[in-house]
Amino acid sequence: MPSLASARYGKDNVRVYKVHRDQSSGVHTVTEMTVCCLLEGAIEASYTKADNSVVVATDSVKNTIYIKAKEHPVNPPELYAARLGQHFLDQYPHVHTANVKVVVHRWTRMNLDGKPHPHSFFRDGQETRNVEAQVSQSGGIVLKSGIVGLTVLKSTGSAFHGFIRDEFTTLAETWDRILSTDVDCTWTWKSFPTTDAVNNGVERFDKAWEAARAITMKTFADDESASVQNTMYKMCEQILAAVPEVDKAGYTLPNKHYFEIDLSWHKGLKNTGKDAEVYAPQSSPNGLIHCEVARDDKTEIPIPIR
Ligand SMILES: O=c1[nH]c(=O)c2[nH]c(=O)[nH]c2[nH]1
């Protein structure tokens with residue numbers, strides 16, 4: 001007899017825009033986000049017995065996303081996501097877990113004639129600030145924050161040599177190459193017992209995002225990279241050092257290759273090695289390198305006083 005092994009459902013791709021109008025200054029601040037909210041719990045009967053009495057309609061989930069955006073601040077996204085998830089647990093006792101994902105899109109204020117414009121913004125790249133909140137009756141609130149789609153490139157300061165050479169290897173070792181990637185960085189917070197605990201010291205979330213972004217860029221730029229693996233590990237270590245309430249930090253980075261082009265067939269043009277100037281950016285295939293670094297908890301356990 002088959003049985004339902006896992007189930008969750010809800011609304012995905014709910015696009016939300018919120019404006020805050022400062023009455024005294026007339027300055028507007030805008031937030032645009034895409035929200036996904038999936039529920040789990042005692043919902044088996046809807047799958048196995050066609051019993052919809054346990055179903056919060058996905059249309060109601062969408063409505064709730066809008067209503068909570070109206071009732072509460074949407075910044076930082078960690079707090080909005082936690083409150084939205086908690087709502088489903090409080091409102092429907094048979095819902096055991098709410099999985100909320102918030103993707104915040106960039107609207108950067110225009111600077112015109114040296115002055116920040118009160119109500120005009122531009123999209124300065126595809127980078128997003130992402131948050132996942134898993135709110136559950138058993139585990140409290142688990143928050144993961146991240147940066148996705150920050151595309152970076154360095155034209156030197158990256159090497160890759162000493163890797164395995166055997167009958168499958170054609171790649172030449174290099175001491176100087178182009179390094180480019182689309183940053184996907186995630187940091188996982190120690191779990192929070194309640195939404196009040198998330199709200200207490202809420203500045204931590206913006207500070208962590210700023211720190212992770214600065215660490216990513218500075219380390220990418222300044223590290224004499226031995227490999228994507230080693231550079232990303234250094235970034236993770238620094239995020240853990242900068243944000244004490246974070247348990248784990250990780251990256252998933254495509255290695256976006258730029259190939260040298262041998263143009264010597266044309267009038268002896270020199271365009272390889274130290275003479276390389278014109279390269280062919282590759283769209284596929286790409287390397288894909290992932291790691292997650294966890295805090296060494298042993299250093300944190302206080303020595304008991306006897
Ligand atoms: O930084 C790198 N790591 C690898 O594992 C790898 N593999 C490869 O072909 N190029 C690279 N570069």
Side-chain angles (χ1 to χ4, degrees), residues 6 8 35-38 40 76-86 97-104 127-150 152 181-220 222-223 225-255 287-302:
S6 72
R8 62 175 68 177
V35 181
C36 175
C37 181
L38 305 180
E40 296 174 74
E78 286 87 350
L79 181 59
Y80 170 73
R83 281 187 173 139
L84 177 64
Q86 186 63 50
T97 305
N99 304 281
V100 178
K101 180 170 179 189
V102 177
V103 175
V104 183
E127 176 191 352
T128 56
R129 175 172 170 179
N130 292 14
V131 169
E132 286 179 33
Q134 186 175 67
V135 187
S136 65
Q137 286 173 355
S138 54
I141 301 169
V142 176
L143 291 173
K144 292 182 183 196
S145 307
I147 295 165
V148 173
L150 169 64
V152 291
T181 192
D182 303 323
V183 174
D184 177 330
C185 168
T186 303
W187 50 101
T188 306
W189 299 86
K190 293 176 197 299
S191 75
F192 295 89
T194 60
T195 51
D196 282 347
V198 176
N199 192 28
N200 240 320
V202 75
E203 329 72 56
R204 65 168 80 79
F205 297 111
D206 284 356
K207 281 191 190 152
W209 176 77
E210 276 157 26
R213 199 163 181 270
I215 287 165
T216 300
M217 296 231 233
K218 185 159 173 50
T219 310
F220 180 82
D222 289 350
D223 186 38
S225 175
S227 63
V228 175
Q229 285 89 331
N230 184 241
T231 300
M232 77 199 321
Y233 186 81
K234 289 176 179 170
M235 293 173 179
C236 292
E237 282 185 316
Q238 290 179 68
I239 293 175
L240 290 177
V243 194
E245 292 169 279
V246 157
D247 258 347
K248 275 187 278 182
Y251 285 83
T252 301
L253 300 179
N255 188 4
L288 188 63
I289 321 275
H290 168 80
C291 82
E292 204 170 31
V293 180
R295 199 175 284 290
D296 183 358
D297 278 326
K298 290 186 279 298
T299 60
E300 282 196 334
I301 299 169

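Since the model is a prediction, treat every value here as computed from it, not as a measurement.
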Residues 76-85, side-chain donor-acceptor partners within the protein, below 3.5 Å, at least two apart:
| unit_1 | atom_1 | unit_2 | atom_2 | d |
| --- | --- | --- | --- | --- |
| E78 | OE1 | R129 | NH2 | 3.1 |
| E78 | OE2 | S145 | OG | 2.7 |
| Y80 | OH | I65 | O | 2.7 |

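Of all the heavy atoms in W187 and A212, the pair that sits closest is CZ3-CB, 3.5 Å. Residue I289 comes nearest to M232 through the heavy atom pair O-CE, 3.1 Å, listed as atom of the first residue, atom of the second, then distance. Across all non-hydrogen atoms, the minimal contact from S191 to V142 is CB-CG2, 4.0 Å. When all heavy atoms are compared, the tightest approach of V228 to S225 is N-OG, 4.3 Å.
Summarising the geometry, atom CD1 belonging to I239 is positioned 14.0 Å from atom NZ belonging to K248; distances are rounded to the nearest 0.5 Å. Once rounded to the nearest 0.5 Å, the distance linking CD1 of I215 with CD of E237 reads 11.0 Å. N99 contributes atom CG, which lies 8.5 Å from atom CD of E132 (distance to the nearest 0.5 angstrom). Taking CG from L288 and CG from N255, the interatomic distance works out to 9.5 Å, rounded to the nearest 0.5 Å. Here I147 contributes atom CD1 and D184 contributes atom CG; the two are 9.5 Å apart, rounded to the nearest 0.5 Å.
Under the side-chain contact (heavy atoms from CB on, under 4.5 Å) test applied with Q86, the options V100, D196, I141 reduce to a single match, I141.
Annotation: side-chain hydrogen bond (donor to acceptor under 3.5 Å, both in side chains) contacts of T128 (sequence neighbours excluded): N130. With sequence neighbours excluded, the residues that form a side-chain hydrogen bond (donor to acceptor under 3.5 Å, both in side chains) with D223 are T231, K234.
Checking side-chain atoms of R204 against main-chain N and O of V198 turns up a donor-acceptor pair under 3.5 Å. Using modelled atom types, one side-chain atom of H290 and one backbone atom of Y251 make a donor-acceptor pair closer than 3.5 Å. One N or O on the side chain of R295 and one on the backbone of L240 form a donor-acceptor pair closer than 3.5 Å.
Aromatic ring pairs are classed by plane angle as parallel below 30°, tilted from 30° to 60° and perpendicular above 60°; the pair F205 and W189 is perpendicular.
In this structure, the side chains of K218 and Q238 stay at 4.5 Å or more apart for every pair of heavy atoms.
A salt bridge links E40 to R8: at least one charged side-chain nitrogen sits closer than 4.0 Å to a carboxylate oxygen.
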